[in-house]
Amino acid sequence: MGEAYAMRLAVIGGGAAAVSLLDSALRRFEGEERRCDITVYEGSANLATGRAYRPDLDCALVNREAGYMSVRSADRGHFLRWLHRAPRYRDTSYASLPVDSYVPRRVYGEYLTAHLESCRAEAERRGWTVRVVPEFAVEAKATAGDVMVRSARGVGHFDRVVLCLGTGAPADPYRLAGAPGFHPDPYPLRAVLPEIAADAHVLVLGSGLSGVDVALGLLRSGHRGPITMTSRHGLLPGVRATQPPYSLRHLTPEAVRQRVARDGALRARDTWRLLRAELTAAGVDLRALAADRPAAERLREDLSRLGGNACQAAVSAMMHQVREPVWCAMSDTDRRLFLSRFHAFSKPLYNPMPPPTARTLLDAMDSGQLAVRSRTTSVTARAGGGFTLEDGGGRLTRVDTVVDATRSGLAGTGSRAEPFIDSLTGSGLAVRNPVGGVRIDVTSNALRAAAPEEDPRFFALGDIASGDLFYAGSMYMLNTRAEVITHTLARAAHAGG
């Protein structure tokens with residue numbers, strides 16, 4: 001380690017995770033006499049915002065209330081204070097926006113961009129170096145003395161590396177790439193949707209939050225033609241309700257510890273039994289929850305319970321209190337079992353949409369313009385143009401345009417990150433996780449190497465760590481795990497000093 005520096009740090013990826021990491025590092029190294037040297041490798045133009053928060057249509061909302069969005073886990077009001085004081089919003093409703101409101105993603109992206117600049121200014125004031133390499137890193141090699149990171153611009157040498165790779169593009173599950181009328185990525189909506197004829201029958205692949213963005217964008221842009229959303233399960237996200245405090249009674253940290261102490265691990269079937277007992281105790285009708293019901297019926301029911309949704313309150317408590325203990329106690333086999341059988345049904349519960357979005361979708365369903373389909377078996381391009389959708393019952397539907405809004409798995413990072421990950425796994429610096437992403441040490445977010453290091457030099461922040469953390473890409477998880485990583489980095493810097 002160079003004598004002049006507390007840490008030479010490479011950050012691979014420059015989106016929201018990188019902003020949270022830099023903010024955390026500035027606070028963690030506050031008072032440090034030596035300088036930090038930080039290099040961010042980001043090849044896209046979306047510095048700070050990533051794919052999720054770049055400029056786009058205002059109807060694409062952040063799916064959490066503004067009072068919960070921050071780059072600091074211990075300061076939940078950080079975003080709202082910025083918004084209330086931002087000069088460009090001084091004479092708008094944003095200047096006094098309540099904590100329970102929802103903002104467009106592009107507004108949140110402006111906050112991330114502004115905070116990145118504030119962090120860089122603070123770093124410069126301290127004498128730190130924060131540089132951005134406008135290329136994505138493609139290779140890393142480790143020696144006894146340091147880590148080499150290579151991009152098209154050259155080679156850099158570092159003490160530690162943090163992967164902030166973000167999320168990948170949609171998965172193209174029906175291999176439609178190149179077909180006329182197929183849009184392989186819905187974002188940015190403002191660029192993709194104007195290419196679609198106003199009277200076209202649009203098929204949206206995926207019924208999660210990205211699919212909702214597409215449908216909402218079409219509706220708000222005045223689209224006149226029919227819109228069909230489809231997925232294997234046909235489940236839309238739930239609708240975010242007020243969540244009163246909820247005390248877990250069955251699926252508790254203690255119950256998980258007892259099962260692990262008894263059996264050495266937590267089986268998926270044991271998790272299901274505890275979950276079923278918890279939801280039953282919360283007053284949830286499990287038969288109605290599991291029933292194959294029309295999407296409009298589910299939306300209508302969720303909208304009627306905005307003042308208090310028992311199921312959502314229980315699931316929220318579980319996600320905060322036992323998500324990591326449960327997931328970490330499960331074997332890879334049971335994790336795969338959960339993902340194949342239950343994940344599609346659980347995600348709408350823990351990742352709901354804003355109520356205004358749900359109301360717009362329900363209105364479109366009631367008018368007959370929007371339909372949600374399940375059990376899709378194939379989507380094929382027709383020789384004369386357009387596409388054919390086939391479901392499990394053999395029903396065929398012709399559509400004009402397809403927009404892919406699917407996800408590429410639990411911890412997908414996209415093709416741009418693959419060469420860098422391949423270099424890590426190829427040299428034994430990282431190990432692929434069989435359920436997605438790479439293996440990490442959950443106590444530090446350090447990558448698990450083929451030959452474990454006593455002093456780890458590689459870390460992962462965000463979706464790429466979801467294989468071992470289950471849900472690692474939310475801003476809350478980025479914040480809390482950035483704190484974990486910078487704590488480890490500070491300890492290593494002091495030990496090396």
Taking everything shown except Glu124 itself, do over 12 heavy atoms lie less than 6.0 Å from its CD? no
Measure up the Tyr111 and His115 rings against each other and bin them: parallel (under 30°), tilted (30 to 60°), perpendicular (over 60°). parallel
Tell me if a side-chain donor or acceptor on Trp327 pairs with a main-chain N or O of Gly467 at a distance below 3.5 Å. yes
Quick one: closest heavy-atom pair of Ala17 and Leu461, and the distance? O-CD2, 3.5 Å
Quick one: does Ser340's side chain have a donor or acceptor within less than 3.5 Å of a partner on Arg336's backbone? yes
Salt bridge flag under 4.0 Å for residues Arg125 and Glu122: yes
Exercise: do Asp213 and Tyr187 side chains pair donor with acceptor under 3.5 Å: yes
Go through the steps for Val161 and Val149 under the test side chain to side chain contact (heavy atoms under 4.5 Å, CB included), then give the verdict. CA-CA 9 Å; Val161 177; Val149 173; 4.1 Å; yes
Are any of the side-chain nitrogens in Arg72 or Glu483 under 4.0 Å away from the carboxylate oxygens of its partner? no
Flag the pair Val204 / Val202 as yes when at least one side-chain heavy-atom distance between them is below 4.5 Å, and no otherwise. yes
Mind running ring pair (Phe, Tyr, Trp, His ring centres under 6.0 Å) on Phe470 and His343 for me, showing each step along the way? CA-CA 10 Å; Phe470 179 61; His343 189 219; 5.6 Å; yes
Whether the side chain of Ser466 engages the backbone of Ala472 through a donor-acceptor N/O pair (distance < 3.5 Å, no angle test) should be reported. yes
Which atom names give the shortest non-hydrogen contact between Ile485 and Ser444, and what distance separates them? CG1-O, 3.8 Å
Arg106 to Pro55 - nearest heavy-atom pair and separation: CB-CA, 3.7 Å
Can you name the residues that form a salt bridge (charged side-chain N to carboxylate O under 4.0 Å, His left out) with Arg232, not counting sequence neighbours? none
Centroid-to-centroid, Phe136 to Tyr41, below 6.0 Å? no
If I take atom CG from residue Leu447 and atom CG from residue Leu424, how far apart are they, to the nearest 0.5 angstrom? 6.5 Å
Asp37 vs Arg131, test: salt bridge (Lys or Arg N to Asp or Glu O under 4.0 Å). Steps then yes/no. CA-CA 8 Å; Asp37 180 70; Arg131 65 175 65 88; 3.3 Å; yes
Main chain of Ser378, side chain of Thr376: is a donor-acceptor contact present, judged purely on distance under 3.5 Å? no
Can you tell me if Asp56 uses its side chain to pair, donor with acceptor, with the backbone of Leu189 under 3.5 Å? yes
Closest approach of Val431 and Ala450, non-hydrogen atoms and distance? CG2-N, 3.8 Å
Where do Asn63 and Pro352 come nearest, in terms of heavy atoms and distance? ND2-O, 3.2 Å
What I want to check is whether the side chains of Arg76 and Ser70 have a donor and an acceptor closer together than 3.5 Å. no
If only side-chain N and O atoms count, and only distance matters, is there a donor-acceptor pair under 3.5 Å linking Asp334 with Ser331? yes
Determine which pairs satisfy salt bridge (Lys or Arg N to Asp or Glu O under 4.0 Å) with at least one residue from residues 39-55, sequence neighbours left out, and list them in order. Glu42-Arg416, Arg51-Asp185
If only side-chain N and O atoms count, and only distance matters, is there a donor-acceptor pair under 3.5 Å linking Thr167 with Asp463? no
Answer yes or no: are there more than 12 heavy-atom neighbours, outside Arg432 itself, under 6.0 Å from its atom CZ? yes
Using the six-membered ring wherever Trp is involved, compare the ring planes of Trp272 and Phe342 and label them parallel, tilted or perpendicular (cut-offs 30° and 60°). parallel
Salt bridge (Lys or Arg N to Asp or Glu O under 4.0 Å): which pairs involve residues 436-448, sequence neighbours left out? Asp332-Arg439, Arg439-Asp468
Parallel, tilted or perpendicular: which describes the rings of Phe345 and His233, with under 30° parallel and over 60° perpendicular? tilted
Exercise: do Thr377 and Glu390 side chains pair donor with acceptor under 3.5 Å: no
Would you confirm whether Thr113, through its side chain, and Gly109, through its main-chain N or O, come within 3.5 Å as a donor-acceptor pair? yes
Sidechain-backbone polar pair: Thr406 side chain, Ala171 backbone, donor-acceptor under 3.5 Å: yes
Could you walk me through whether Glu254 and Arg257 pass salt bridge (Lys or Arg N to Asp or Glu O under 4.0 Å), step by step? CA-CA 5 Å; Glu254 181 57 31; Arg257 283 193 292 269; 2.9 Å; yes
For Arg120, I'd like to know if atom CZ has over 12 heavy atoms of other residues, nucleotides or ligands within 6.0 Å. yes
Show your reasoning for whether side chain to side chain contact (heavy atoms under 4.5 Å, CB included) applies to Val147 and Asp159. CA-CA 6 Å; Val147 174; Asp159 303 307; over 6 Å; no
With side chains defined as the heavy atoms from C-beta onward, is the minimum distance between Val103 and Phe79 less than 4.5 Å? yes
Kindly check if the number of other-residue, nucleotide or ligand heavy atoms within 6.0 Å of OH (Tyr246) is above 12? yes
Start with the C-alpha gap between Met7 and Arg160, add the side-chain angles, then the distance that decides, and say whether side chain to side chain contact (heavy atoms under 4.5 Å, CB included) holds. CA-CA 8 Å; Met7 182 71 65; Arg160 300 290 187 276; 3.4 Å; yes
Side chain of Thr271, backbone of Arg267: donor and acceptor closer than 3.5 Å? yes
Pairing donors with acceptors under 3.5 angstrom, does anything connect the side chains of Ser210 and Arg407? no
Quick check against the 3.5 Å criterion: does Asn479 have a side-chain atom that pairs as donor or acceptor with the backbone of Val71? yes
Looking at Tyr68, is Arg64 sitting on its ring face, NZ or CZ under 6.0 Å from the six-membered ring centre and within 45 degrees of the normal? yes
Before you tell me yes or no, could you show the steps for Phe459 and Leu163 under side chain to side chain contact (heavy atoms under 4.5 Å, CB included), namely the whole-Å CA-CA distance, both residues' side-chain angles and the distance that decides it to 0.1 Å? CA-CA 6 Å; Phe459 300 81; Leu163 281 61; over 6 Å; no
Check: Arg28 and His487 side chains under 4.5 Å, non-hydrogen atoms: yes
Taking every heavy atom of Leu235 against every heavy atom of Ala344, the minimum-distance pair comes out as CD1-O, 3.8 Å
Please evaluate residues Asp58 and Arg105 with respect to the criterion salt bridge (Lys or Arg N to Asp or Glu O under 4.0 Å), reporting the C-alpha separation (whole Å), side-chain torsions for both, the decisive distance (0.1 Å), and the verdict. CA-CA 7 Å; Asp58 275 4; Arg105 290 212 203 126; over 6 Å; no
Sub-4.5 Å side-chain heavy-atom contact between Arg373 and Leu203: no
Using modelled atom types only, decide if a donor and an acceptor are shared between the side chain of Asn433 and the backbone of Gly437 within a distance under 3.5 Å. no
Among Ile12, Leu165, Leu429, which residue satisfies the side chain to side chain contact (heavy atoms under 4.5 Å, CB included) criterion with Ile421? Leu165
